[in-house]
Number of protein chains: 2
Amino acid sequence: MFRGRFEHALDAKGRLSVPVYFRELLATHYDERLIVTNFDGCLWAYPMAEWMEIEQKIAQLPQFKEEVKALQRVFVSGAAECPLDKAGRILLPPALRDYAGILREVTLVGATRRIELWARERWVVVFNGAQSALNDMGERLAGLGL
Amino acid sequence: MFRGRFEHALDAKGRLSVPVYFRELLATHYDERLIVTNFDGCLWAYPMAEWMEIEQKIAQLPQFKEEVKALQRVFVSGAAECPLDKAGRILLPPALRDYAGILREVTLVGATRRIELWARERWVVVFNGAQSALNDMGERLAGLGL
DNA sequence: CGTGTTCGAAACGTCCTCTAAACATATATA
DNA sequence: TATATATGTTTAGAGGACGTTTCGAACACG
C-alpha cells in the first residue's frame, strides 16, 4: 500500500526519480512496471498488477453507457507503461506531463493502491481542498465504516 | 489502549520523546513502529498494526468517490513511519510538524487506538471546544450505546 | 527532610543515504 | 554518416538520520 508524500524534480529529459520507499514496495510486492494515466488534473500511477485488475473490471462494464465510454476515453486511453529504469526513474511521456501541468517540480502522493503525481502548485490547492472537503463530509466519512 | 495526557518538547532535530507509559504499551501489545499522519490540525499516531487495518479498509472503498479520494490525499498521503529510536524518541518529518503547527511544545493525547499529537496552543483551544461540544451533544452521546 | 531513581531535555558528533545533475553510451532516424 | 533521442552510469554534496552522554528536574520513598 502506498502512503506518504515526496517532493521530487524531473531531470532535463523528463525523467522522475521514484522515491526509494516506493521502489522497495514495488520490488517486494509487485514488479517494476508502472502504468501511468491521467485523471483529476494529475497522473495516477499503478503497479501493473493493480492496473490489470481495474482494466478487467472496466472491460466487464456495459460498453454503451456514457460514463463507461468517458472513462475509457480519458482514463484508459491515457495509460502508458512507464517501467523503472536502472536508476529507479520513470520517463513521463510529454502528453501526460502536459495534462498534469508538470514542468519540473512534482509531488508524489501515496494513495493506497496508486501513486498520484501532481505539479507542485496544483497539489497545494488540491490538498487544502481535500482537507476542507473532509470537514464538510463528516457524516459521509463516518459512513465509510472507519 | 492509549490514555492520558503528556506534555513534551521536541529536540533541535525535531525528535519527540515518547512517554514511557506509551512505550511500554507499544512494547507489550504492539511492535515499536508508529505510523504518524495528519488530520484535524494535529497528528495521529498509530501502532503499525492498527494502521494496517485502517489502510486495508480504505483500499476496499470505491476509489473514485470524492470522500475516498479526499481521505487518501490527506490522511494516507500524510502517513509516515516513525520508528522509536534507542532513546524512545520518534523523528517527526518537517511536513507533519508544519501541518500541525508544532514548533517545540507538544501535548500527547491518549485516544484509545491512537495517540494524538498537538501543538500546545492548539490543544488548549481544542480541549475546551470538545468540552462544550459534549454538552451540546447530549442526545447523540446517549445514542453511542455507552 | 534528605536521598536515590527515573525520565525528559539538551547538546554533540558522526555516518550515510539519496537525489539531482552531469556525463557517457547506445539506438534510431534522416 | 551525422544528429537527435533515448537509456545508462557516475559523482558529489546536501541534508537527514542515528546514537550517546550529560544535566536537571520531578518524584517516590525511607
Side-chain angles (χ1 to χ4, degrees), chain A residues 2-28 31-34 36 45 80-98 102-110 115 117-120 123, chain B residues 2-28 31-36 43 45 48 78-99 102-110 115 117-120 123:
Chain A
F2 301 102
R3 56 174 166 262
R5 266 194 305 268
F6 305 85
E7 311 275 6
H8 282 195
L10 296 192
D11 71 9
K13 283 143 193 166
R15 294 178 293 187
L16 176 70
S17 104
V18 174
V20 172
Y21 172 68
F22 287 158
R23 273 185 238 166
E24 281 167 359
L25 270 180
L26 289 169
T28 57
D31 59 11
E32 314 245 302
R33 290 179 303 162
L34 282 174
V36 182
E81 183 172 344
C82 301
L84 291 184
D85 70 15
K86 297 201 170 167
R89 298 168 299 192
I90 55 176
L91 177 64
L92 295 179
L96 290 179
R97 267 185 271 160
D98 289 350
I102 291 173
L103 296 175
R104 225 187 76 86
E105 305 199 300
V106 177
T107 302
L108 294 103
V109 179
I115 301 166
L117 310 181
W118 288 91
R120 180 90 95 260
W123 170 250
Chain B
F2 302 101
R3 55 174 164 268
R5 263 195 313 269
F6 304 86
E7 310 275 5
H8 282 196
L10 296 192
D11 70 9
K13 281 148 191 162
R15 293 178 292 189
L16 175 71
S17 104
V18 174
V20 173
Y21 172 66
F22 288 158
R23 274 186 235 167
E24 282 167 359
L25 270 179
L26 289 170
T28 57
D31 59 13
E32 314 244 302
R33 289 179 304 162
L34 284 174
I35 295 272
V36 182
L43 305 180
M48 179 61 87
E81 184 172 341
C82 301
L84 291 184
D85 70 14
K86 296 201 171 167
R89 298 170 299 190
I90 56 175
L91 176 65
L92 294 180
L96 290 179
R97 270 183 270 158
D98 289 350
Y99 175 90
I102 292 174
L103 296 176
R104 227 188 71 86
E105 306 199 300
V106 177
T107 302
L108 295 103
V109 179
I115 302 166
L117 311 181
W118 288 91
R120 179 92 94 259
W123 170 250

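In this text, all values refer to a predicted model and were calculated from it rather than measured experimentally. Naming: A, B, ... by sequence-line order, numbering from 1 per chain.
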Check your understanding: Just how far, in rounded Å, is P of C:dG8 from CD1 of B:Ile90?
Key -> 13 Å
Review point. For the ring pair A:Phe6 and A:Phe22, is the centre-to-centre distance below 6.0 Å?
Key: yes
Study note, to complete from the structure: Separation of D:dC18 atom P from B:Asp11 atom CG, nearest Å, is 13 Å
Practice item. Pick base, sugar-phosphate or nothing for A:Asp85, based on heavy-atom distances below 4.0 Å to the nucleic acid. Key: sugar-phosphate
Check your understanding: Quick one: B:Leu92 CG to D:dG16 C1', roughly how many Å, whole number?
Key -> 14 Å
Practice item. Would you indicate what A:Ala12 reaches in the nucleic acid, counting non-hydrogen atoms under 4.0 angstrom: base, sugar-phosphate, or nothing? Key: nothing
Review point. Counting any heavy atom closer than 4.0 Å, what does B:Arg89 reach on the DNA or RNA strands: base, sugar-phosphate only, or nothing?
Key: base
Review point. Closer to the 5' end of DNA chain C via nearest nucleotide, is it A:Arg23 or B:Val18?
Key: B:Val18
**Study point:** First encountered from the 5' end of DNA chain C, between A:His8 and B:Arg104
**Key:** B:Arg104
Practice item. Return no unless some side-chain N or O of B:Arg15 is found under 4.0 Å from OP1 or OP2 of C:dA11. Key: no
**Study point:** Distance in angstrom units between B:Tyr21 OH and D:dC27 P, rounded
**Key:** 18 Å
Practice item. For B:Lys13 and B:Asp11, run salt bridge (Lys or Arg N to Asp or Glu O under 4.0 Å): C-alpha distance rounded to whole Å, both residues' side-chain angles, the deciding distance at 0.1 Å, then the answer. Key: CA-CA 5 Å; B:Lys13 281 148 191 162; B:Asp11 70 9; over 6 Å; no
